[in-house]
Number of protein chains: 2
Amino acid sequence: MKKDADKSKIMGVPEPSVRRMPKYLILLRSMRDKGLVNISAPQIAQHLNMDPTQVVKDLSYTGARGRPKIGYAVEELINLLEDFLGYNKKYEAFLVGAGSLGSALLRYQGFTQTGLKVVAAFDTDKNIIGTEIAGVKVFDIEKFRDLASRLHITIGIITTPAHAAQNVTDLMVCWGIKAIWNFAPVSLKVPSHIIVQDTQMYSNLAVIMNSLKQYEDKQNI
Amino acid sequence: MKKDADKSKIMGVPEPSVRRMPKYLILLRSMRDKGLVNISAPQIAQHLNMDPTQVVKDLSYTGARGRPKIGYAVEELINLLEDFLGYNKKYEAFLVGAGSLGSALLRYQGFTQTGLKVVAAFDTDKNIIGTEIAGVKVFDIEKFRDLASRLHITIGIITTPAHAAQNVTDLMVCWGIKAIWNFAPVSLKVPSHIIVQDTQMYSNLAVIMNSLKQYEDKQNI
DNA sequence: CAGTGTGAAGTTGTTCACAGCA
DNA sequence: TGCTGTGAACAACTTCACACTG
C-alpha cells in the first residue's frame with residue numbers, strides 16, 4: 001500500500017501555506033469582479049509578486065485542479081478557498097480587553113467577511129464597562145464567569161495587557177472556547193486541544209526598525 | 001571559498017529571532033519592575049512557554065553574555081534589546097489610508113513606546129480629509145506628492161485597500177521613504193533597498209478557522 | 001509549448017548534545 | 001550541578017527540475 005494514499009486529507013497543510021490563502025482569495029475575488037474566468041498560477045504569482053511553483057503547491061492543498069495552458073477556474077477556486085478557510089461557516093467570538101487595541105479591533109470591521117462575528121466584549125475597567133464599541137457591548141468580566149459555555153462561543157480574542165493574558169486564557173478554556181486569537185505579547189499555556197494563534201503587533205515593527213538600524217550602521221562604517 | 005566567513009557581522013540575524021525580541025523585552029521590563037536583577041534563559045523560556053536553547057540563541061544575537069548558573073543581568077539585557085530593536089531611535093512615519101483599519105491603528109497608541117511616531121495621515125476620501133484621528137491630521141494625498149522628501153520621513157504605513165496599495169507604494173518610494181509597513185493583502189513591488197514588512201491581518205484568522213474546520217471535519221467522520 | 005503536478009535538492013530555522021565554566 | 005554557548009542533527013519550508021498533458 002502506498003503511504004501517501006490520500007495526502008490531501010491525512011497530511012496537514014503547512015501553516016505558511018494557510019497564511020497565504022487569504023491573499024489568493026482577495027486577489028481572485030477582484031479578478032472575478034473584472035470578469036476573469038480562468039487564471040494561471042504564473043499570473044497569480046506575478047500579481048502577488050511571488051514564486052509560481054509555490055502558488056501551484058498552495059492551491060493544490062485546497063483540492064484545486066488546473067488545466068495545462070488554461071489554469072484554474074476563478075469561480076471554482078474562490079469557492080474552494082472559502083471552503084478551505086472556513087469563511088462559509090459563521091463563528092462567534094468574545095473579545096476580552098476593550099482598551100486601545102481591543103476597541104481598535106472592534107472598530108475595524110474587516111473580519112465580518114470572514115465569517116467571524118464578535119458578539120460581546122469584556123473588561124475590568126469600570127469606565128469602559130457598560131459602553132458600546134462599534135455596536136458591541138462591553139461587560140464586566142467578573143460577572144460572566146459561566147456565560148460562554150451556554151452560548152457555545154468558539155473563538156476568544158485576547159487584547160489585554162501581557163500580565164492579564166494567562167488568567168483570561170484559563171477563563172476562556174473553562175468557558176469551552178476552542179480557539180484563541182492572542183494579541184498579548186506572551187505565549188499562552190493551554191490544553192493541547194485548544195488552537196492558539198499569536199498576533200505579535202510589535203514583531204513586524206521590530207523587523208523594520210532592526211533593518212533600518214542595520215542599514216544606518218552600514219552607512220557609518 | 002567559504003560562505004560563512006564572519007558569521008556575527010556578515011550573516012544577518014534570522015528573522016524569526018528578530019520577531020521574538022519584543023516578547024523578551026516586554027517580559028524583562030515587567031521582571032525589572034518586580035525588582036529582579038538576574039534571569040536565566042530557562043526562566044525566560046518557562047515564562048514565555050518556549051524552548052530554553054532558543055532563548056539562549058536569540059539573546060546571543062543582541063550581544064548579550066550570560067553567566068553560568070546566574071543567567072543574564074536584566075537591566076543590561078533590556079538595554080541590549082532596546083538597542084538591537086532600535087527603540088532608542090525616533091522614527092517618524094506617514095500613514096496612508098485612514099479608513100477603518102488605518103484609524104484603528106492610529107487610535108492604538110501602543111507603538112509610541114517603540115520610538116515610532118505617526119506624524120501625518122493621508123486619504124483620498126473627501127469625508128475623511130481634514131479630520132483629526134487620535135491627534136493625527138488627515139490630508140488629501142493628491143496635494144502632497146512632494147512633501148515627504150523634504151521632511152525625511154523614514155517609515156510609510158499602508159492601510160489602503162489592496163488595489164490602491166501599489167500606487168501608494170510607488171509614491172512612498174518617490175518620497176524617499178526607507179521602510180514600508182504594509183497592511184494591504186498584496187505583495188508590493190519595490191526597489192531592493194526598501195524594507196517591506198507585511199502584516200496580513202487575515203492570516204492568523206485563516207489558520208484559526210482552518211484548524212477549527214479540520215477539527216470539526218474529524219468529528220464528523 | 002505553456003502550464004500543471006510532484007519528487008528531489010537546497011535553504012532556513014529549530015532542537016539536540018555536549019564541552020566549558022563558576 | 002545548573003547554566004551558557006556552539007557545532008551538528010533534524011525538521012520544515014521553498015525552489016528547482018522535469019515528466020506529463022491538452
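Note on naming: letters A, B, ... go to the chains in the order of the sequence lines (proteins, then strands), and numbering restarts at 1 for each one.
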Starting at the 5' end of DNA chain D, which residue's closest nucleotide do you reach first, A/Pro14 or B/Arg67?
B/Arg67
Which residue lies toward the 5' end of DNA chain D, A/Glu15 or B/Ala64, if each is placed at its nearest nucleotide?
B/Ala64
Roughly how many Å is it from [atom1] in [X] to [atom2] in [N], rounded to a whole number?
X: B/Asp51; N: D/dC10; atom1: CG; atom2: P; answer: 17 Å
X: A/Lys69; N: D/dG22; atom1: NZ; atom2: P; answer: 14 Å
X: B/Tyr72; N: D/dC3; atom1: OH; atom2: P; answer: 12 Å
X: B/Met50; N: C/dT15; atom1: CE; atom2: P; answer: 9 Å
X: A/Gln54; N: C/dA9; atom1: CD; atom2: P; answer: 20 Å
X: A/Asn38; N: D/dG22; atom1: CG; atom2: C1'; answer: 14 Å
X: A/Asn49; N: D/dT15; atom1: CG; atom2: P; answer: 12 Å
X: B/Gln43; N: D/dT4; atom1: CD; atom2: P; answer: 9 Å

Using a strict 4.0 Å threshold on nitrogen-to-oxygen distance, state whether B/Glu75 and B/Arg29 make a salt bridge.
no
Determine whether A/Trp181 and A/Tyr91 satisfy the following criterion, ring-ring contact (aromatic ring centres under 6.0 Å, His included), listing intermediate values before the conclusion.
CA-CA 13 Å; A/Trp181 191 6; A/Tyr91 289 113; over 10 Å; no
Is the phosphate of C/dT14 approached by B/Arg20 (side-chain N or O, under 4.0 Å from OP1 or OP2)?
yes
Do the side-chain N or O atoms of A/Tyr61 get closer than 4.0 angstrom to the phosphate oxygens (OP1, OP2) of C/dT6?
no
B/Tyr202 vs A/Phe111 aromatic rings, parallel, tilted or perpendicular, using cut-offs 30° and 60°?
perpendicular
Counting the atoms with a prime plus P, OP1 and OP2 as sugar-phosphate, which does B/Pro42 contact under 4.0 Å by heavy atoms, base, sugar-phosphate, or nothing?
sugar-phosphate
Would you state whether a donor and an acceptor, one from the side chain of B/Lys57 and one from the base of D/dT4, lie under 3.5 Å apart?
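Check fails, no donor-acceptor contact within cut-off.
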The side chain of [X] is closest to which nucleotide in this list: [options]?
X: A/Pro16; options: D/dC16, C/dT4, D/dC13; result: D/dC13
X: B/Thr53; options: C/dG3, D/dC13, D/dT6; result: D/dT6
X: A/Arg65; options: C/dG20, C/dG5, C/dT14; result: C/dG5
X: A/Val56; options: C/dG5, D/dT4, C/dG3; result: C/dG5

Does a donor on one side chain and an acceptor on the other come within less than 3.5 Å for B/Gln166 and B/Asp170?
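The answer is yes; a qualifying pair exists.
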Can you check whether B/Tyr61 and B/Phe84 have ring centres sitting under 6.0 Å from each other?
no
